[in-house]
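A quick write-up on the structure given underneath.
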Amino acid sequence: MVEPVYALIDCNSFYASCERVFRPDLQRTPIVVLSNNDGCVIARSADAKPFVKMGALFHEIRGDLKRHGIVAFSSNYVLYGDMSERVMSILEARFPSTEIYSIDEAFADMTGLPEPLESIGRQVQAEVKQKTGIPVGIGIATTKTLAKLANAAAKRWQKQTGGVVDIRDPVRRDKLLKAMPVEEVWGVGPRMRAHLEGMQIRTAWDLAQMDAWTLRKRFNVVVEKTVRELRGVACLEIESEIEPKQEICSSRSFGKRLRELPPIQEAVTSYAMRAAEKLRNQQSLCRRVRVSLRTGMFNPAEVKYANGILCQLPYPTDDSRLIIKAVQAGLKQVFREGFSYAKAQVLLLDLCHKNEYTPDLFAPEQPVKTERLMSALDAINNRWGRGTLQPGRIAKPAEWAMRRELLSPAYTTRWPELMVAKAR
DNA sequence: TCTGGGGTCCTAGGACCC
DNA sequence: TCTGGGGTCCTAGGACCC
């Protein structure tokens, strides 16, 4: 029996790296990327990290950025999504099986590949860099949790490791476990860290020494599995199948506070459109929708209100019109006069596969002509860009639209925004 | 003025059944 | 003195992830 080997490949400062690929002039300039509405910092290039905290408010640090010569970008998810696909397709070609874990991370199965695995790692790293311009780090170990930790080590000691770390050797593994604070372990968040602190568990090593069963009784099975994985017992496997989502969410903060119902109705309609698009994209129908609305939650001076409501649909459907109708009815119920609203959310729940659900004998079903209409809608929006066809009530430019003052071009997805190179 | 958006899994507790 | 017990399904909420 061959021992399983897992790799975790992770793009360094992914959003910042994407921006940098298309701005060679910023090769040596620190970069930060901002959240939607240019609210706070969500990504930093390595050279920006010493100067900018994660989550720092843009309006508060504008001066600091300027002083340190740091360049800020609004987030450009179209660009990052496209770059991610390019990176992932290289990994998929290089490894027998992969699991795309997030926009910038993937697990890969390295079981049985020819030694030394570390040099395979370095080859993949070089290939991704050469073909996409994105730097990646790679952690190699006998479980997914350990591979994540090895990857964290590759990042932490970038200079010494060149970004590839193999900790299959128990001596190296234990050395790393002792060096890593427990909150670096995958699955240990702030709450768990606090609990563990109270039990004198401070490093990954301390956690690995605990009795798994005791932790399961005290907390839950997730912690139990984490402990076993840290000890090298694989409890988690590579999940290459892309399972359809069990819930679909479209939620966004408004570009400014909204007090009146009509612009909120517009925003919610457009969120519902987007959610329904995702729903059809994975061939699902939904039976219920939740719409929720809230004021700002952070500013103590603001009067707070948050409310949401579940709406039943007449039958399992992927019809944007029905979903919008349900959501609008719900919105009227949760909306109250007199508040400054900051954010709304549309959540599609109770999803089932289009062809795999058993219709209720007496309940109505989605008519066939709806399918044709929705496919036409999706085809047009795919070809000409999202929002080409949308309900007439959505005004442009929208009052509630996101603030993105520092947005980079859609370099890879719109012909007019392609980079231009000139020979001298 | 100003703090992202989109998910998953697990557990506890209530409703309901026999 | 003294609540039946065990199972399933559903929902809300917590914790975590990137």
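Chain identifiers are assigned alphabetically (A, B, ...) following the order of the sequence lines, protein sequences preceding nucleic acid strands; residue numbering begins at 1 within each chain. None of the values given here were measured: they were computed from a predicted structure.
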Item to complete: Treating a pair as Watson-Crick (purine N1 to pyrimidine N3 plus N6-O4 or O6-N4) or G-U wobble (N1-O2 and O6-N3) with both distances under 3.5 Å, list the stems of 3 or more consecutive pairs that involve DNA chain B.
Response: B:5-18 with C:5-18
Worksheet item: Just checking A:D38: base, sugar-phosphate only, or nothing, at a heavy-atom cut-off of under 4.0 Å?
Response: nothing
Please write out each protein N/O paired with an N/O of nucleotides 6-12 of chain C under 3.5 Å, distance rounded to 0.1 Å.
from   : atom 1 : to     : atom 2 : distance (Å)
C:dT11 : OP1    : A:R288 : NH1    : 3.4

Worksheet item: Rounded to whole angstrom units, what separation is found between the CD atom of A:E99 and the P atom of C:dC18?
Response: 13 Å
Fill in: Whole-Å distance separating the CE atom of A:M54 from the P atom of C:dC17
14 Å
Worksheet entry | Interface residues of residues 177-210 of chain A with DNA chain C (non-hydrogen, below 4.0 angstrom) | A:V185, A:W186, A:G187, A:V188, A:G189, A:P190, A:R191, A:M192
Fill in: Residue mapping more 5' on DNA chain B - nearest nucleotide basis, A:M402 or A:E243
A:M402
Practice prompt. Under 4.0 Å between any heavy atoms, over every strand shown, what does A:Q246 touch: base, sugar-phosphate, or nothing? Just pick one.
Written response: sugar-phosphate
Fill in: Salt bridge A:R280-A:D378, side-chain N to carboxylate O under 4.0 Å
yes
Response to the item:
Whole-Å distance, A:L65 CG to B:dC2 C1', equals 14 Å
Practice prompt. In whole angstrom, give the distance that lies between atom CG of A:N220 and atom P of C:dC17.
Written response: 12 Å
Worksheet item: Between B:dC2 and A:R257, is there an OP1 or OP2 to side-chain N/O distance shorter than 4.0 Å?
Response: yes
Item to complete: Tell me what A:G55 touches on the nucleic acid: a base, only sugar-phosphate, or nothing, going by heavy atoms under 4.0 Å.
Response: nothing
Discussion item. Regarding A:K53, tell me which of base, sugar-phosphate or nothing describes its non-hydrogen contacts under 4.0 Å with the strands shown.
Written reply: nothing
Worksheet item: Between A:K343 and B:dT3, is there a side-chain N or O to OP1/OP2 distance below 4.0 Å?
Response: no
Discussion item. Tell me the interatomic distance from A:H59, atom NE2, to B:dT1, atom P, rounded to whole angstroms.
Written reply: 9 Å
Taking only distance into account, with no hydrogens and no angle test, what donor-acceptor pairs under 3.5 Å do side-chain atoms of residues 336-351 of chain A form with protein atoms, sequence neighbours excluded?
from   : atom 1 : to     : atom 2 : distance (Å)
A:R336 : NH1    : A:Q333 : O      : 2.9
A:S340 : OG     : A:R259 : NH1    : 2.7
A:Y341 : OH     : A:R336 : N      : 3.0
A:Y341 : OH     : A:R336 : O      : 2.8
A:Q345 : OE1    : A:S292 : OG     : 3.4
A:D350 : OD2    : A:R288 : NE     : 3.0

Extract all donor-acceptor atom pairs below 3.5 Å that involve side chains of residues 11-18 of chain A and protein atoms in other chains or at least two apart in sequence.
from  : atom 1 : to    : atom 2 : distance (Å)
A:S13 : OG     : A:R44 : O      : 3.0
A:S17 : OG     : A:N12 : O      : 2.6
A:S17 : OG     : A:S13 : O      : 3.1

Worksheet item: Between A:R62 (CZ) and B:dT1 (P), how many Å, whole number?
Response: 15 Å
Worksheet entry | Under-4.0 Å side-chain N/O to phosphate OP1/OP2 contact, A:N37 with B:dG4 | no
Worksheet item: Rounded to the Å, how far apart are A:E60 CD and B:dT1 P?
Response: 12 Å
Item to complete: Scan residues 177-188 of chain A for pairs that pass salt bridge (Lys or Arg N to Asp or Glu O under 4.0 Å), counting only residues two or more places apart or in two chains.
Response: A:R156-A:E184
Practice prompt. Would you indicate what A:S75 reaches in the nucleic acid, counting non-hydrogen atoms under 4.0 angstrom: base, sugar-phosphate, or nothing?
Written response: nothing
Discussion item. Quick check on DNA chain B: between A:Y77 and A:E239, whose nearest nucleotide comes earlier from the 5' end?
Written reply: A:Y77
Discussion item. Counting the atoms with a prime plus P, OP1 and OP2 as sugar-phosphate, which does A:K245 contact under 4.0 Å by heavy atoms, base, sugar-phosphate, or nothing?
Written reply: sugar-phosphate
Donor-acceptor contacts, no H, no angles, side chain residues 130-144 of chain A, under 3.5 Å, sequence neighbours left out:
from   : atom 1 : to     : atom 2 : distance (Å)
A:K131 : NZ     : A:E127 : OE2    : 2.8
A:T132 : OG1    : A:V128 : O      : 2.6
A:T132 : OG1    : A:I134 : N      : 3.1
A:T143 : OG1    : A:L146 : N      : 3.1
A:T143 : OG1    : A:E229 : O      : 3.0
A:K144 : NZ     : A:E99  : OE1    : 2.7
A:K144 : NZ     : A:E237 : O      : 2.7

Discussion item. Suppose the criterion is salt bridge (Lys or Arg N to Asp or Glu O under 4.0 Å): which pairs have a residue in residues 294-312 of chain A, not counting sequence neighbours?
Written reply: A:R257-A:E302
Worksheet entry | pair A:I61-A:V41: side-chain heavy atoms closer than 4.5 Å | yes
Item to complete: Provide the distance between the two P atoms, one in C:dT3 and one in B:dC17, to the nearest whole Å.
Response: 24 Å
Worksheet item: Under 4.0 angstrom, heavy atoms only, what part of the nucleic acid is A:I103 near: base, sugar-phosphate, or nothing?
Response: nothing
Worksheet entry | Gap between atoms CZ and C1', on A:F254 and B:dT1 respectively (whole Å) | 16 Å
Discussion item. Under 4.0 Å, heavy atoms only, any strand: does A:Y101 hit a base, just the sugar-phosphate, or nothing?
Written reply: sugar-phosphate
Worksheet entry | Heavy-atom closest pair, residues A:L91 and A:T98 | O-CG2, 3.8 Å
Fill in: Listed once per pair and sorted, the salt bridge (Lys or Arg N to Asp or Glu O under 4.0 Å) pairs that draw on residues 240-252 of chain A, sequence neighbours left out
none
Worksheet, complete the sentence: For A:T412, the side-chain hydrogen bond (donor to acceptor under 3.5 Å, both in side chains) test, sequence neighbours excluded, returns A:D82
Worksheet item: Which residue pairs satisfy the salt bridge (Lys or Arg N to Asp or Glu O under 4.0 Å) criterion with at least one member in residues 213-225 of chain A, sequence neighbours excluded?
Response: A:R216-A:E224, A:E224-A:R228
Practice prompt. Determine whether A:M180 and A:T203 make a side-chain contact, defined as any pair of heavy atoms from C-beta on separated by less than 4.5 Å.
Written response: no
Discussion item. Could you work out, with ring-ring contact (aromatic ring centres under 6.0 Å, His included) as the rule, every residue matching A:F58, not counting sequence neighbours?
Written reply: none
